[in-house]
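Below, all heavy atoms of this structure are taken into account, side chains as well, without hydrogens, waters or symmetry copies. Nothing fancy with the numbering, it's 1 onward along the sequence.
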Amino acid sequence: MTPPGPRATVWILIAIGLAGGFLSGVFGVGGGTIVVPALVGILGFSQKLASGTSLLAIAPVTIVGALSYTVLGTANWGYGLLLAAGAVGGGFLGSWLLVKLPSRAIALLFIVFLLFVAVRLVFSEPSSAAAPQLTVFGGVLLVAVGFVAGVLSGVIGVGGGIVIVPALVLGGGVGDLVAKGSSLIAIAPSSITTSVANLRRRNADLRAGLVIGLAGSVATVAGSWTAAVIPTRAASIAFAVFLVLVAGQMLWRELGRTRRGRRGTGRARRIRP
């Protein structure tokens, strides 16, 4: 496939940012599930560079998204900061575990988890703006949820939002809008700190990240306002469908790795003397 020219590349980056940013605002996630596959499949980025560039773009998107939910009055900064504290620590542990644990087995288990959560969401009826009183025990649980989200993000490269939002809605009785706004608050700090590290390691394309991030920041405002007018039941079903698509994407990626591994093994056997 012939790579697009510079002008076409800019427009592709803008389109990627608009799509990822809108989904970030609607669902309270980072948007990496759109950005990374698009960078790899359309622009030919390596998986590693695409992940680093995606995190760089996510930083401004999540900040603007969190502020948008704050303006709407549905972002709980107490929830978000406690989640963020856990997510930052979990991210460091996840990056270390990445080379220690069988990430494929973890990914497959996580796919099953996502499908289970999707089914639960379809049959749940959450409030749109419920925010239970924060207790000491509740605060500890929020840190724990953020920590788990950070670990999974580091090990298998998923955004923390697809863990945080269902955990708050299904496990904590938090309204879907509050969960999404709090999730964006939690994602922002870890995306900033990780992006700084990636830039130092030259594992992020600064120009592409800025273009995607600026376009995404505009779209995430529209996404958050769209989330505010979607009926709660419809929002739950839409998020369930989103989780199924994420699970399908992850399964396709793991199957692709298996096929490439088998081809590599076959070639090695053929050239063995």
Hey, can you pull the donor-acceptor pairs under 3.5 Å for the side chains in residues 51-61, sequence neighbours left out?
residue	atom	partner	partner atom	Å
Ser51	OG	Gln47	O	3.0
Thr53	OG1	Leu49	O	2.8
Thr53	OG1	Asp205	N	3.0

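The minimum heavy-atom distance linking Ala240 with Val122 is given by the pair CB-CG2, 3.8 Å. Ser217 approaches Val64 most closely through the heavy-atom pair O-CG1, 3.4 Å. Heavy atoms only, all atoms of each residue included: Ser224 and Leu72 are closest at O-CD1, 3.6 Å. In this structure, Val40 and Ala50 approach most closely via the heavy-atom pair CG2-CB, 3.6 Å. The nearest pair of heavy atoms linking Ser183 to Gly161 is OG-CA, 3.3 Å. The two residues Ala149 and Ile164 have their closest heavy-atom pair at CB-CG1, 3.9 Å.
Side-chain heavy atoms closer than 4.5 Å link hydrophobic residues (I, L, V, M, F, W, Y) into clusters, and following such links, even through other members, never connects Ile185 to Val26. Taken together through direct or relayed side-chain contacts under 4.5 Å among Ile, Leu, Val, Met, Phe, Trp and Tyr, Ile63 and Val35 form parts of separate hydrophobic clusters. Grouping the Ile, Leu, Val, Met, Phe, Trp and Tyr side chains by contacts below 4.5 angstrom, directly or via other members, places Tyr79 apart from Leu81. Transitive grouping of hydrophobic side chains (ILVMFWY, heavy atoms separated by less than 4.5 Å) keeps Leu214 and Leu18 in distinct clusters. Under the 4.5 Å side-chain heavy-atom criterion for grouping Ile, Leu, Val, Met, Phe, Trp and Tyr, Leu210 is not connected to Val221 through any hydrophobic cluster.
Residues meeting the side chain to side chain contact (heavy atoms under 4.5 Å, CB included) test with Val148, sequence neighbours left out: Leu152. Contacts of Ala247 classified as side chain to side chain contact (heavy atoms under 4.5 Å, CB included), with partners at least two apart in sequence or in another chain: Ile111, Leu114, Leu115. The side chain to side chain contact (heavy atoms under 4.5 Å, CB included) check on Ala179 picks up Val165, Leu168, Val169, Val174, with sequence neighbours excluded.
Considering OG1 of Thr62 and CD1 of Ile192, their distance stands at 6.5 Å, rounded to 0.5 Å. How far CG of Leu43 is from CD1 of Ile12: 5.0 Å, rounded to the nearest 0.5 Å. Note that the CH2 atom of Trp77 and the CG atom of Leu83 stand 12.5 Å from one another [nearest 0.5 Å]. Separating the CD1 atom in Ile212 from the CD1 atom in Ile14 is a distance of 10.5 Å, to the nearest 0.5 Å. Annotation: the span from Ile34 atom CD1 to Leu39 atom CG amounts to 11.5 Å, rounded to 0.5 Å. Between Tyr69 atom OH and Ser182 atom OG the span is 10.5 Å, to the nearest 0.5 Å.
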Derivation and outcome, side chain to side chain contact (heavy atoms under 4.5 Å, CB included), residues Thr9 and Leu13: CA-CA 6 Å; Thr9 298; Leu13 292 172; 4.1 Å; yes
Worked verdict on Leu93 versus Phe147 for side chain to side chain contact (heavy atoms under 4.5 Å, CB included): CA-CA 9 Å; Leu93 178 60; Phe147 185 80; 3.4 Å; yes
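For residues 174-232, no pair satisfies ring-ring contact (aromatic ring centres under 6.0 Å, His included), with sequence neighbours left out.
When hydrophobic residues (I, L, V, M, F, W, Y) are linked wherever their side-chain heavy atoms come within less than 4.5 Å, Val140 remains an isolated member.
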